[in-house]
Amino acid sequence: MTENSAFPEPCNFIEDIIVADLQSGKRATVHTRFPPEPNGYLHIGHAKSICLNFGIAKHFAEAKGQCNLRFDDTNPAKEEQEYVDSIQEDVKWLGFDWDDRCYYASDYYDKCYEFALELIRKGKAYVCELAGDQVSEYRGNPMHPGRPSPWRERSVEDNLGLFAKMTRGEVDEGKMFLRAKIDMASPNMNLRDPAIYRIKKADHHRTGSKWVVYPMYDYAHPLGDWIEGITHSICTLEFEVHRPLYDWVLETLELPNRPQQIEFARLNLTNTVMSKRLLLELVQNKLVMGWDDPRMPTLSGLRRRGYTPSSIRTFAEKIGVSKADSVVDINLLYFCIREELNAIAPRRMGVLDPVKVVLTNWPEGKVDMIEADNNPEDPGMGKRLIPFGKELWIERDDFMEVPAKKYFRLAPGAEVRLKHAYYITCKEVVKDSSGNVTELRCEVDLESRGGGSPDGRKVKGTLHWVSAEHAADVEVRLLDHLFTFENLSEVPEGRDYKEFYNPNSLVKVNAKVEPCVGELKALDRIQFMRHGYFCVDSRDSKPGAPVLNRLVELKDSWAKEQKK
RNA sequence: UGACCUAUAGUGUAAUGGUAGCACAACAGAUUCUGACUCUGUUUGUCUAGGUUCGAAUCCUGGUAGGUCAACCA
């Protein structure tokens with residue numbers, strides 16, 4: 001039974017279907033498509049779909065697997081070239097390639113129109129003159145059947161004539177539309193004579209003023225799929241009840257080799273929102289800096305924040321594909337990027353909340369150049385020299401006047417190691433009039449250079465530090481969840497989700513950092529040791545003055561211990 | 001008072017009538033010049049009630065819970 005190894009091992013239920021189709025001979029090839037509407041920016045939910053569709057094409061290379069990029073641009077009022085450009089950029093950035101197969105639903109307007117005429121001739125479509133509110137009244141509701149439009153039984157000739165009139169622009173918007181003649185009593189609302197063409201006197205981003213009638217998604221999509229030879233048309237769950245209509249269009253037109261629509265559950269992530277509409281609201285309400293705000297789940301936001309394309313692909317692979325509604329823990333995304341950056345991000349030291357350390361026994365004016373690994377995970381990344389002097393900055397958190405249980409950082413009389421450098425012991429705490437620590441006077445063990453001592457004594461705590469004389473000042477942006485809820489569905493009825501906006505989702509601090517951090521370029525990624533991974537903001541940085549976004553924190557078992 | 005879909009550890013996802021796995025998270029420990037990484041171990045699951053079967057997470061029926069559907073949006 002394992003002889004049929006010509007087909008790859010399926011990775012999810014959709015690939016199960018594809019393998020079965022290949023095995024049964026229903027399909028000889030595999031052809032998918034990613035069909036965004038160019039009316040907004042792509043987000044990580046789209047990335048799931050992109051990885052799925054292009055991933056299937058790659059996985060089934062033996063079956064001539066291909067994936068098209070197709071812009072679903074059937075609504076001229078909403079779609080713009082700007083979005084087409086950003087979508088192409090994002091798909092490429094994610095690491096996928098549509099070769100020469102970038103198509104547009106608008107490429108098929110002529111064919112869609114011909115098919116519409118054929119539907120009319122078959123008596124399967126008619127021009128309806130009901131007004132909007134009348135249409136919905138006639139349509140009934142899910143519990144009660146609709147009733148036929150008074151225009152339902154027009155002759156083929158009348159319909160042809162009226163549709164031509166619509167097409168010539170002789171009818172006002174909303175006065176007439178073309179409907180499929182299916183079943184006004186169907187329990188599926190989508191089959192109650194759905195609109196397939198409407199009048200829109202708006203310029204289209206690609207066809208200009210050529211058309212005044214435009215096909216609806218439910219009609220144009222199956223045709224676009226069929227024209228491109230799509231075998232498996234993958235979409236999200238909300239289109240499930242549209243599938244009978246998708247099939248109706250293709251069957252009624254008696255088209256051979258019909259594509260099959262398969263639905264999967266869209267991605268939801270904890271502590272954020274994922275719909276274009278809500279994301280747009282955040283931008284419009286200036287709750288974020290823009291679509292590419294590093295807190296946004298948009299691909300442009302994730303890119304600016306510092307996520308690598310491969311970390312997002314790994315994430316998409318790990319979350320899997322199913323038909324069950326779900327909310328994925330954002331921690332899994334964090335895990336994916338940490339795992340990757342741990343291996344490749346250069347280590348640097350930066351103090352986010354500095355307190356001064358003065359080494360009382362360090363020779364005045366002496367500067368020691370300390371050698372440090374750029375990445376202990378990869379010796380090939382080399383070493384660098386860091387200046388060390390009499391006055392240093394360390395993290396305020398790394399000192400406790402009255403140390404807590406299990407605290408093994410600096411405290412009065414305690415000895416710690418300064419990473420790569422020397423052991424120091426705290427001898428004196430200097431405070432201001434209100435009791436805040438302003439300076440720690442410490443003694444350095446000159447014998448411990450390099451971070452070890454000749455007598456081999458153990459020092460449990462190791463702190464990062466920066467020479468006060470040489471430190472660069474940079475703006476660091478501490479990023480956190482956009483929303484305090486874990487799941488959008490937790491927002492009580494009648495309350496606005498924006499009430500759960502996290503005002504601390506962006507906190508700017510002035511950090512003291514190693515001199516070489518000042519030389520970083522846009523999108524460079526580093527690890528500030530003991531803090532996390534940071535990426536140079538591509539919008540707000542200036543030459544010699546990088547702004548660093550905290551991409552993700554390092555795991556912190558001390559913080560957990562403290563919460564207990 | 002409808003149709004369709006879904007239900008497996010905290011989360012996500014496998015098991016395709018035959019030993020309920022994996023990843024993340026959590027917890028405990030080892031290691032550590034990052035309280036990181038790494039390593040070891042542990043806890044936790046088939047919505048429910050029936051039925052079919054030698055055997056059910058899987059098939060059937062009823063229930064429960066959640067989702068989707070009443071744009072001339074996609």
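In what follows, every chain begins at residue 1, and chains take the letters A, B, ... in the order their sequences are listed.
- Taking only side-chain nitrogens and oxygens, A:Thr462 never comes nearer than 4.0 Å to OP1 or OP2 of B:U32.
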Practice prompt. Evaluate the criterion ring pair (Phe, Tyr, Trp, His ring centres under 6.0 Å) for residue pair A:His221 and A:Tyr217; output intermediate values, then yes/no.
Written response: CA-CA 6 Å; A:His221 203 88; A:Tyr217 165 88; 4.8 Å; yes
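- Ring-centre distance between A:Tyr497 and A:Phe485: not below the 6.0 Å cut-off.
- Judged by distance alone, with hydrogens and angles left aside, A:Arg530 brings no side-chain donor or acceptor close enough to the base of B:G35 to form a pair under 3.5 Å.
- Among the protein residues, A:Ser489 comes within range of no part of the nucleic acid, since none of its heavy atoms lies under 4.0 Å from any strand.
- Closest to the side chain of A:Arg198, from the set B:A70, B:A23, B:C73, is B:C73.
- Between A:Arg206 and A:Glu79 there is no salt bridge, since no side-chain N of the basic residue sits under 4.0 Å from a carboxylate O of the acidic one.
- Distance from the side chain of A:Tyr217 is smallest for B:A74 among the nucleotides B:C24, B:U34, B:A74.
- Contact annotation for A:Leu333: no contact, since no heavy-atom pair falls under 4.0 Å across all strands.
- Contact check for A:Leu463 versus A:Glu395: no side-chain heavy atoms found under the 4.5 Å cut-off.
- In this structure, B:U58 makes no Watson-Crick or G-U wobble pair, since no nucleotide meets both defining distances under 3.5 angstrom.
- If you check every strand for non-hydrogen atoms under 4.0 Å, A:Lys406 touches a base.
- Listed for the A:Tyr214 side chain is a donor-acceptor partner under 3.5 Å among the backbone atoms of A:Ala202.
- Nucleic acid contact for A:Phe408: base, since at least one base atom lies under 4.0 Å from a heavy atom of the residue.
- B:A14 atom P lies 9 Å from atom CZ of A:Phe13, rounded to whole Å.
- Following rounding to the nearest Å, A:Leu237 (CG) and B:C5 (P) show an atom-to-atom distance of 11 Å.
- Across all strands shown, B:A65 forms a Watson-Crick or G-U wobble pair with B:U6, both key distances being under 3.5 Å.
- In this structure, CG of A:Asp378 is placed 17 Å from P of B:U34, rounded to the nearest angstrom.
- When each of B:C73, B:C5, B:U68 is scored by its nearest atom to the side-chain atoms of A:Asn75, the top-ranked nucleotide is B:C73.
- In this structure, A:Lys460 reaches the bases: a heavy-atom distance under 4.0 Å links it to at least one base atom across the strands shown.
- Pair assignment for B:A36 gives none, since no Watson-Crick or G-U wobble pairing has each distance under 3.5 Å.
- Within the nucleic acid shown, A:Glu339 has no heavy atom closer than 4.0 Å to any nucleic acid atom.
- Remark: A:Asn188 engages A:Ser186, A:Asn190, A:Leu191, A:Val241, A:Pro244 in a side chain to side chain contact (heavy atoms under 4.5 Å, CB included) (not counting sequence neighbours).
- Checking B:C72, B:G2, B:A25 against every side-chain atom of A:Pro142, the shortest atom distance belongs to B:G2.
- Contacts of A:Glu37 with the nucleic acid, taken as non-hydrogen atoms under 4.0 Å apart, involve only primed sugar atoms and P, OP1 or OP2.
- Here A:Val327 lies in heavy-atom contact (under 4.0 Å) with sugar-phosphate atoms only.
- Searching all strands for a Watson-Crick or G-U wobble partner of B:U31 with both distances below 3.5 Å returns nothing.
- The CG atom of A:Asn188 sits 7 Å away from the C1' atom of B:C69 (whole-angstrom rounding).
- Among the heavy atoms of the strands lying under 4.0 Å from A:Tyr407 is at least one base atom, whether or not backbone atoms are also near.
- Among the heavy atoms of the strands lying under 4.0 Å from A:Met216 are primed sugar atoms or P, OP1, OP2 only; no base atom is included.
- Partner assigned to B:A26 is B:U42, using Watson-Crick or G-U wobble distances below 3.5 angstrom.
- Across all strands shown, A:Lys555 has heavy atoms under 4.0 Å from sugar-phosphate atoms exclusively, and none from any base.
- In the interface, the side chain of A:His242 is paired with the base of B:A74 through a donor and an acceptor atom under 3.5 Å apart.
- Residue-level contact check: A:Arg409 touches the bases, meaning some heavy atom is under 4.0 Å from a base atom.
- Distances from the side chain of A:Asp16 to the nucleotides B:U16, B:C73, B:A70 place B:U16 closest.
- Spacing between atom CG of A:Asp183 and atom P of B:C69 amounts to 20 Å, rounded to whole angstrom units.
- A:Lys276 has no side-chain polar atom (N or O) that falls below the 4.0 Å cut-off from OP1 or OP2 of B:A74.
- For B:U16, there is no paired base (Watson-Crick or G-U wobble, both distances below 3.5 Å).
- The side chain of A:Ser326 lies closest to B:U13, out of B:U34, B:U13, B:U68.
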Fill in: Working for side-chain hydrogen bond (donor to acceptor under 3.5 Å, both in side chains), residues A:Asp193 and A:Tyr126
CA-CA 9 Å; A:Asp193 289 10; A:Tyr126 62 97; 2.6 Å; yes
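- To the nearest whole angstrom, the two C1' atoms, one in B:U52 and one in B:U58, are 13 Å apart.
- For B:A49, the glycosidic angle deviates from 0 by more than 90°, giving an anti base.
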Discussion item. Let's go through A:Thr314 and A:Glu340 carefully: what are the C-alpha distance in whole Å and the side-chain angles of both, what is the deciding distance for side-chain hydrogen bond (donor to acceptor under 3.5 Å, both in side chains) to 0.1 Å, and is it a yes or a no?
Written reply: CA-CA 10 Å; A:Thr314 302; A:Glu340 191 173 316; 5.0 Å; no
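- Between A:Ser448 and A:Ile319, the residue anchored nearer the 5' end of RNA chain B, judged by the nucleotide with its closest heavy atom, is A:Ile319.
- Counting only heavy atoms from C-beta on, A:Asn12 has its side chain closest to B:A14 among B:C72, B:C69, B:A14.
- Looking at the side chain of A:Ser322, the nearest of the listed nucleotides B:U34, B:C73, B:U13 is B:U13.
- Aromatic pair A:Tyr113/A:Phe163: centroids less than 6.0 angstrom apart.
- When the nucleotides B:A36, B:A74, B:C69 are ranked by their closest atom to the side chain of A:Phe239, B:A74 comes out on top.
- Position along RNA chain B of the nearest nucleotide to A:Tyr197 versus A:Asn190 favours A:Asn190 as the more 5'-ward residue.
- Residue A:Arg139 places at least one side-chain N or O closer than 4.0 Å to OP1 or OP2 of B:C72.
- Base engagement by A:Leu554 is indicated by at least one non-hydrogen atom pair under 4.0 Å involving a base atom.
- Using a 4.0 Å heavy-atom distance criterion, A:Arg243 is classed as making no nucleic acid contact.
- Taking only side-chain nitrogens and oxygens, A:Lys200 comes nearer than 4.0 Å to OP1 or OP2 of B:C73.
- The side chain of A:Ala324 approaches B:U6 more closely than any other nucleotide in the set B:U6, B:G12, B:A70.
- Residue A:Lys318 places none of its side-chain N or O atoms closer than 4.0 Å to OP1 or OP2 of B:G12.
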